[in-house]
*Asks:* 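This structure is in structure tokens; I'll ask about it shortly.
A, B, ... follow the sequence lines: proteins, then strands. Residue 1 opens every chain. Computed from a predicted model, the values in this text were never measured in an experiment.
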Amino acid sequence: MPHPVALAGVGFSFGDGALRRPVLRDLNLTVAAGEIVLLTGPSGSGKTTLLTLIGALRAMQEGRCQVLGQELHGAPESARVALRRRIGFIFQNHNLLAFLTARQNVAMSLELHPDFGDESKRMAAAGKVLEQVGLADFAEVVPAKLSGGQRQRVAVARALVASPGLILADEPTAALDRQSGHDVVHLMRDLAKKSGMPILLVTHDPRILDVADRIVSMEDGRIVG
Amino acid sequence: MSMWLPFRLAWRQLRAERARLFSAIAGVMFACVLVFMQLGFRSALFDSATALPQALHGELFLVHPLTTALFRPESFPRVRAYQTLALPDVSVAVPIYMAQGIWRNPVDGSHRAIQLIGFDTEAGAVSFPGLPPLISALKRPDTIAFDWKSRPEFGPVAALLAERGPFKVQIANREVEIVGTVALGASFGADGNAVMSETNFRRLVTERKAGNADLVALRLRPGADAAAVQQQLTALLPRDVRVVTHDELVAWERNYWETATPIGFIFAFGSLMGLVVGMVIVYQILFADIASHLAEYATLKAMGFSGGYLRLVVMGAAGILAGLGFVPGVLASIGLYDVVAKATLLPLRMDPNRGVLVAGLIFAMCAIAGLLAMRKLRDADPADMF
Ligand SMILES: Nc1ncnc2c1ncn2[C@@H]1O[C@H](COP(=O)(O)OP(=O)(O)OP(=O)(O)O)[C@@H](O)[C@H]1O
Ligand SMILES: [Mg+2]
């Protein structure tokens, strides 16, 4: 079976002509099935850029990038949109829709999967995942009434509910206090391990390094170890 | 993915910001009422402009080809009326005479031009509401029937009649007796109307050629083919008259006001302004909704929602605003029509066709606003989300 994430010789630059600045150079990285990989490195080393390429949020420039069996080099927008539906994203900011309850926010993910079932199935599944992240009592609450940690847990539930093949997270604990940050990543790890989802998580936070199966460091657009 | 989901998302988003939602609805409603009033006035004015030809009975009419509008007809020899009787299918031919006369207000003595309409009141070719019971009284010398829908500047004639019965007024320096009222309506061309017999018309209007008529109404025998008679008469009569059907007569009059005056343009322009203002309001609301939720929209894109889905959300919001603004707009317009109709005596009322037209315009207005606001979605770049 191919790895969920397999990158070979990936290069990426921002800007054109004289302003062209390489951000990723000849980068190789694989994430195995069920593996939790933490990506660290100094600011500006290209971690976020790498994550947006793997998440099919940006068009590839150089190299090969297989994600969940889809080659992203030269992939059309429609293929990238389809791939995104099979990836769970967790951002630094929760970016929940303010006008939807926690449960409705989570259920939105399932609207992208028409064969999942109707509204009642979606809402039931969303409720179950919220229960798993410890928010059973907050399902009908809008994000504004939740704490930062609770919101991020809703975001985790939203990323996980559709059983994605891969979780991508960029500094999911940056906006949280120590305890909530710790809780959120451990929750992610437990849920991912249960269903064998691989996680690629970018972080500066030394307190959460313990969840990793493997820690990868980046420097100046390259993996250094 | 069903169309329903983006639509529901649009509604939930709109609902969350009450103040924004209500100002958008108010904007659409404003545009809706404005367009309804403009189109209503337009149609009421054209309706009232054609009140006289509408009220005339008759299958066919003779008019002078150079007559542009009935308030200033070109006259033609009255003998044309009698010539039509050569055809067996024509049963009655009634010449109608029209002129302007100066009316003296019975209360304050002020002067104002009134349209005088004279015809054989017994022939039954012309009948205004209220006329039949007055026919025998109108046979007396120097009597008229007053159009109670005339502009109020002519004085409270109907009230005076109710109070003291038939009374005398001055028209063209001659005393005439008002024996009752008919309903016809003021129009662009005539602020008011007075109806009388042919003989009394000649007494009042002395300066015109006796042998000339301004309009002739023809009644045909039951079962006669109007189109065929129209053709025969056109062939038979000299070129100084045109033979027209009732519909053609009304259309002729309406066409004059629509094309020879800026009235049609003014109301079309007013409607357009209302739509532009409404569109700008809806655009701003939709734009602000997208701009203040860019991160959320970008998140949805990152999650795998397509650009098409998000565009449907924006169009859904535009459609909801159109619907929510149109319903109170149409209700408010019905109420306003009533108020304005009472105040101006214009025949202003809601017409289903106009309702459908305005609904179409309002939805198109919101759709254009949505299409313009949609461009802001491009700024929601999922690559900026991390
Ligand atoms: N949209 C962009 N246009 C131009 N340059 C960019 C853009 N995004 C990032 N960069 C540049 O690319 C380089 C890598 O940025 P990236 O965000 O990938 O770093 P990072 O490792 O995630 O840093 P941090 O730890 O601060 O989040 C930086 O020098 C940044 O200035
Ligand atoms: Mg970063």
Side-chain angles (χ1 to χ4, degrees), chain A residues 12 14 47-59 77-78 80-101 104-105 107-116 118-119 122 142-144 155 158-159 161-162 164 168-172 174 202, chain B residues 1-24 285-286 288-314 316-317 320-321 324 374 376-386:
Chain A
F12 191 87
F14 283 110
K47 306 181 296 294
T48 296
T49 308
L50 179 60
L51 220 54
T52 58
L53 287 176
I54 297 173
L57 302 174
R58 242 184 238 294
E77 170 75 11
S78 58
R80 288 176 24 215
V81 170
L83 175 60
R84 284 182 219 155
R85 297 181 182 171
R86 297 159 56 207
I87 298 176
F89 292 93
I90 300 167
F91 309 98
Q92 180 174 334
N93 296 311
H94 56 85
N95 292 332
L96 298 172
L97 297 178
F99 52 89
L100 297 183
T101 64
Q104 288 168 339
N105 264 292
M108 281 283 305
S109 278
L110 293 171
E111 289 184 12
L112 290 162
H113 302 271
D115 21 332
F116 183 84
D118 59 8
E119 177 74 1
R122 286 196 290 267
V142 290
R158 177 173 65 176
V161 68
L168 297 178
D170 195 357
E171 307 191 30
V202 170
Chain B
M1 201 176 316
S2 90
M3 287 276 292
W4 155 244
L5 291 172
F7 197 74
R8 183 180 69 176
L9 189 66
W11 166 237
R12 286 175 168 172
Q13 176 169 355
L14 284 173
R15 187 182 60 179
E17 298 243 18
R18 288 294 153 88
R20 209 180 261 176
L21 175 62
F22 281 117
S23 55
I285 301 273
L286 293 176
D289 251 340
I290 299 171
S292 63
H293 292 112
L294 269 189
E296 287 88 340
Y297 277 108
T299 306
L300 291 177
K301 279 189 185 173
M303 285 164 66
F305 285 94
S306 62
Y309 182 97
L310 299 183
R311 286 192 286 276
L312 273 178
V313 173
V314 176
I320 291 169
L321 292 179
L324 288 183
M374 209 183 258
K376 184 67 182 166
L377 281 176
R378 287 192 215 137
D379 293 351
D381 183 355
D384 294 340
M385 285 320 301
F386 279 132

*Asks:* Which residues pass the ring-ring contact (aromatic ring centres under 6.0 Å, His included) test with B:Phe7, sequence neighbours left out?
*Replies:*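 Not a single residue meets the ring-ring contact (aromatic ring centres under 6.0 Å, His included) criterion with B:Phe7.
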*Asks:* Is A:Phe99 close to B:Leu9 at the side-chain level, that is, under 4.5 Å between some pair of heavy atoms?
*Replies:*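 The answer is yes, as the side chains (C-beta and beyond) meet within the 4.5 Å cut-off.
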*Asks:* Please output the residues of residues 15-24 of chain B in contact with chain A, using a heavy-atom cutoff of under 4.5 Å, in numerical order.
*Replies:*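 Checking residues 15-24 of chain B against chain A gives B:Ala16.
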*Asks:* I need the residue from A:Arg158, A:Glu77, A:Arg80 with the largest number of non-hydrogen atom pairs under 4.5 Å to chain B.
*Replies:*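 Result: the option with the highest number of such pairs is A:Arg158.
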*Asks:* Picking from B:Ala302, B:Ser306, B:Ala295, which has the most non-hydrogen pairs under 4.5 angstrom with chain A?
*Replies:*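 Ranked by heavy-atom pairs under 4.5 Å with chain A, first place is B:Ala302.
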*Asks:* Give, as side chain, backbone, both or neither, the part of A:Arg86 having an atom under 4.5 angstrom from any heavy atom of chain B.
*Replies:*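 When you check distances to chain B, no heavy atom of A:Arg86 falls under 4.5 Å.
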*Asks:* So which part of A:Leu83 gets closer than 4.5 Å to some heavy atom of chain B, the side chain, the backbone, both or neither?
*Replies:*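 The answer is neither part of A:Leu83.
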*Asks:* Shortest non-hydrogen contact from A:Arg84 to B:Pro382?
*Replies:*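 Closest pair (atom of A:Arg84, atom of B:Pro382, distance): NH1-CG, 4.2 Å.
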*Asks:* Got a second to check how far B:Arg12's CZ is from A:Thr101's OG1, nearest 0.5 Å?
*Replies:*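 OG1 of A:Thr101 is found 7.5 Å from CZ of B:Arg12.
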*Asks:* Which atoms of A:Gln104 are under 4.5 Å from chain B, going by heavy atoms: the side chain, the backbone, both sets, or neither?
*Replies:*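 When you check distances to chain B, only side chain atoms of A:Gln104 fall under 4.5 Å.
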*Asks:* I'd like to verify something: which residue of A:Leu100, A:Leu96, A:Leu97 has the highest number of heavy-atom pairs under 4.5 Å with chain B?
*Replies:*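 Option with the top pair count is A:Leu97.
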*Asks:* Would you call A:Pro164 and B:Met303 a side-chain contact if the rule is heavy atoms closer than 4.5 Å?
*Replies:*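 No, side chains not in contact.
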*Asks:* Is it the side chain or the backbone of B:Leu300 that comes within 4.5 Å of chain A heavy atoms, both, or neither?
*Replies:*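 Side chain of B:Leu300 only, per the 4.5 Å heavy-atom cut-off to chain A.
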*Asks:* I'd like to check the side chain to side chain donor-acceptor pair (under 3.5 Å) partners of B:Asp379; sequence neighbours left out, ordered by chain and number.
*Replies:*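 For B:Asp379, the residues satisfying side chain to side chain donor-acceptor pair (under 3.5 Å) (neighbours in sequence not counted) are B:Lys376.
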*Asks:* Applying side chain to side chain donor-acceptor pair (under 3.5 Å), name anything that partners B:Arg311, two or more places apart in sequence or on another chain.
*Replies:*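 B:Arg311 satisfies side chain to side chain donor-acceptor pair (under 3.5 Å) with no other residue.
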*Asks:* Side chain, backbone, both or neither: which part of A:Glu119 has a heavy atom under 4.5 Å from chain B?
*Replies:*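 Just its side chain gets close to chain B.
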*Asks:* A side-chain contact here means heavy atoms from C-beta on lying under 4.5 Å apart; do B:Thr299 and A:Met108 qualify?
*Replies:*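 No - every pair of side-chain heavy atoms lies 4.5 Å or more apart.
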*Asks:* If you look at every heavy atom in A:Glu111 and B:Leu5, which pair is closest and at what distance?
*Replies:*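 Minimum heavy-atom contact is OE1-CB, 3.6 Å.
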